[in-house]
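None of the values given here were measured: they were computed from a predicted structure. Here is how names work: the chains are called A, B, and so on, in the same order as the sequence lines, proteins then strands, and each is numbered from 1.
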Number of protein chains: 4
Amino acid sequence: MARPKSDDKRNAILSAATQIFAERGLAAPTSAISNLAGIAEGTLFTYFSNKDELLNELYREIKLDLADAMMSGFPRKKSVRTKLRHIWDRYTTWGVTHPDQRKVLSQLQLSGSLTLESKKAGSAPFSEIEAMSKEAVEQRILRDIPLEFLAATMDASAQTTMSFMAAHSTSAEKFQRLGFETFWKGISKK
Amino acid sequence: MARPKSDDKRNAILSAATQIFAERGLAAPTSAISNLAGIAEGTLFTYFSNKDELLNELYREIKLDLADAMMSGFPRKKSVRTKLRHIWDRYTTWGVTHPDQRKVLSQLQLSGSLTLESKKAGSAPFSEIEAMSKEAVEQRILRDIPLEFLAATMDASAQTTMSFMAAHSTSAEKFQRLGFETFWKGISKK
Amino acid sequence: MARPKSDDKRNAILSAATQIFAERGLAAPTSAISNLAGIAEGTLFTYFSNKDELLNELYREIKLDLADAMMSGFPRKKSVRTKLRHIWDRYTTWGVTHPDQRKVLSQLQLSGSLTLESKKAGSAPFSEIEAMSKEAVEQRILRDIPLEFLAATMDASAQTTMSFMAAHSTSAEKFQRLGFETFWKGISKK
Amino acid sequence: MARPKSDDKRNAILSAATQIFAERGLAAPTSAISNLAGIAEGTLFTYFSNKDELLNELYREIKLDLADAMMSGFPRKKSVRTKLRHIWDRYTTWGVTHPDQRKVLSQLQLSGSLTLESKKAGSAPFSEIEAMSKEAVEQRILRDIPLEFLAATMDASAQTTMSFMAAHSTSAEKFQRLGFETFWKGISKK
DNA sequence: GATGAATGAGTCTTCATTCAT
DNA sequence: GATGAATGAAGACTCATTCAT
């Protein structure tokens, strides 16, 4: 290829999109994104064939980033509680340190623009968590709660926790602990 | 008066808006709403001076409807658990039986179009719940959790529950119970 | 007639129209007029079948009012200069004391909404001035200038004078005199 | 650059705007302009960010064109009368040969859409005339008339003259001379 | 006659996407 | 590949006029 599509440029677009969408919602014009990314309006469309594709790619990218943050240093050998606590802390910390991504992620999930394929791709990197949870339930450490419901509950509780951590940054750790404790009491057997 | 502004028409607009917004998001054109409501495009603006006002009015209306559903038959004399269970059941049942309202409500809350005034007006009818919860915490029946955090957690858990109730209608009641049990274990003292 | 169209109401509309058009231009909505006049939007159209007719009627009314102001106390027996001076003073004074009418009148004249009939009706009350001027020219008191050109020149000079009188109210009289002197020197024979 | 904004297109818009506004007033739709200019409706807005800006730019353009017409060949060394006559002739001739521009110019001046900046920019090219007039008054060649009043009177007289020149094209030159003579007699010392 | 809600064509402006350069 | 001007279909909102009450 004479001049290959540049990864830098692609990333610049994705990063600009994150910021713009966080500030102005998914309805923000693509021109605002190309503008912030420092490229021409048309160039965006050589990297993403249309706005919807940009949305979907952005979703995957954020999910990947999040999975990375959550899984690194995962205490594979420790107790279920310790493992969940690890995930909980990584997740909520990521949310607080990546407010734009978090905001955009939830907008994306509600948008109706995500393809089934994207959703699958987005959840793939989290399969290990799932496997772990499944095991835990089977080991009777957790109450008999359908796995999916468990995951959804955890997500919801963590989101709430993140909001409070962000809003009360001096008590962030306190809320992080409180949130987890509440969640754990809710799902653990004893 | 020549032809008084009809409540029927106002309600038709509000109802059409709920349906359209649920299906196509808040960015849906007002023409789709007036169309579904069976009125001229311009007529919508004699009832709501602009789209934002429609959004705000719709928010209040839904909140009022929800408060109604939640508070009727409130067991003022029973235990905290019973009271919370009442609220939980009413809330989740409302969510499942009013899926459009539920969807629109969360879109509205994230939209950034709600005025401070609307938010206040929207939460006013729920003050009794708040009072009750406060009391419960003070009575040491619940763990020492900041009231706002408690409320947010309840809402998040209930939302999750609603999603599962809606997705598995045959096991709706099971999820309703399971959701509450998880929530209650999480927050209660013992 | 059971309830005759009220002259009061008609005048209220005309007066409101003058004010609104002066402030916001001829493109101002009729609703602003009916509003200021204290009547219903539809009522305006029982007095004037459409906006254009209102415009034309307003034109006539203002012209009539102006003619009245100019011709009362006309010194029929005095010299041409005195007569012209009378007209000049009455005209410019009217312009300064009726700024809304003056403004609307010029907007109307440029609007392209005036019918030929209205224009004729509007100039009818001024025929006496015309006659007088004609005579003056024939008497060789004024230079040989086509009557219409004379009239137009006078109007233009008077308009300019009014603007300065209005803008410098303390020197109003000075400008009134200066304007006339300039005009008179321009047209008189010696 | 991909396709540079074309001056031709910009001029086509300005020219179409002149024609449309002259025919239908400043309230004429921008679509009529883009239509006449042979471009898409949206394209107009890549050249002028909104209708008001188009109005302001059009004003400057016309003023510039007029200044050009008036000042070229200005007889700097001749008498005050000759200089004024030069301006008079150029101005009135321009008005008669550019009827659309003339019409639009006066509409623009009354419109209330002109920014202070535009007004300044529009009068800048005429500063030489002003300087000259000032000198003439100081030299006692003209009567003691405030400069601004003098300028306004000249403009008003010239406008009247143009109207007659346009309406009686065969006697155009006669009116041009007559108009100037009247004006000159009005303002000159002797 | 008076009222004002209802109408819907018309207006300016935005924006995803295309394509000439 | 990169650029950004060109496109034209929407979209929110306005307003003269009508007509049911």
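The distance between atom CD1 of B:I33 and atom P of F:dA12, rounded to the nearest whole Å, is 8 Å. Atom C1' of nucleotide E:dA5 and atom CG of B:D7 are separated by 14 Å, given to the nearest angstrom. Atom-to-atom, CG of A:L44 to C1' of E:dT17 comes out at 11 Å; the value is rounded to the nearest Å. In this structure, the CG atom of B:N35 is 14 Å from the P atom of F:dA10, given to the nearest Å. At whole-Å resolution of the value, CG in A:L55 and C1' in E:dC15 are 15 Å apart. Spacing between atom CZ of D:F45 and atom P of F:dG8 amounts to 15 Å, rounded to whole angstrom units. As rounded to whole Å, 12 Å separates atom P of E:dA5 from atom CD1 of B:I13. The CG atom of D:N50 sits 17 Å away from the C1' atom of E:dC15 (whole-angstrom rounding).
One finds the CD1 atom of A:I13 at 8.0 Å from the OG atom of A:S34 (value rounded to the nearest 0.5 Å). Atom CG of A:L36 and atom OG of A:S15 lie 7.0 Å apart (nearest 0.5 Å).
A salt bridge (Lys or Arg N to Asp or Glu O under 4.0 Å) check over residues 34-63 of chain D, counting only residues at least two apart or in different chains, returns the pairs D:R10-D:E57, D:R10-D:E61. Listed by first and then second residue, the ring pair (Phe, Tyr, Trp, His ring centres under 6.0 Å) pairs that reach into residues 11-37 of chain D come to none, sequence neighbours excluded. Residue pairs meeting the salt bridge (Lys or Arg N to Asp or Glu O under 4.0 Å) criterion with at least one partner in residues 107-123 of chain A, sequence neighbours excluded, do not occur; the list is empty.
For the side chain to side chain contact (heavy atoms under 4.5 Å, CB included) with B:F48, the lone residue among B:L55, B:T30, B:L14 that qualifies is B:L14.
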Polar atoms only, N or O, under 3.5 Å: list the protein pairs with nucleotides 8-11 of chain E and their distances.
| from | atom 1 | to | atom 2 | distance (Å) |
| --- | --- | --- | --- | --- |
| E:dG8 | N7 | B:G42 | N | 3.3 |

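Where B:D52 and C:L26 meet DNA chain F, the nucleotide closest to each residue was compared, and B:D52 sits on the side nearer the 5' end.
In terms of heavy-atom proximity, D:V104 sits nearest to D:T18 at CG2-O, 3.4 Å. Between D:A17 and D:L58, the shortest heavy-atom contact is CB-CD2, 4.1 Å.
Distances shorter than 4.0 Å separate none of the side-chain N or O atoms of C:K9 from OP1 or OP2 on E:dG1. Regarding contacts with the backbone of E:dG1, every side-chain N or O of C:T46 stays at 4.0 angstrom or more from both OP1 and OP2.
C:D65 is linked by a side chain to side chain donor-acceptor pair (under 3.5 Å) to C:W94, counting only residues two or more places apart in sequence or in another chain.
Paired regions of DNA chain F, where each region holds three or more successive Watson-Crick or G-U pairs whose two hydrogen-bonding distances fall under 3.5 Å, are E:2-21 with F:2-21.
Side chain of D:Y47, nearest nucleotide from F:dA6, F:dT14, E:dA5: F:dA6.
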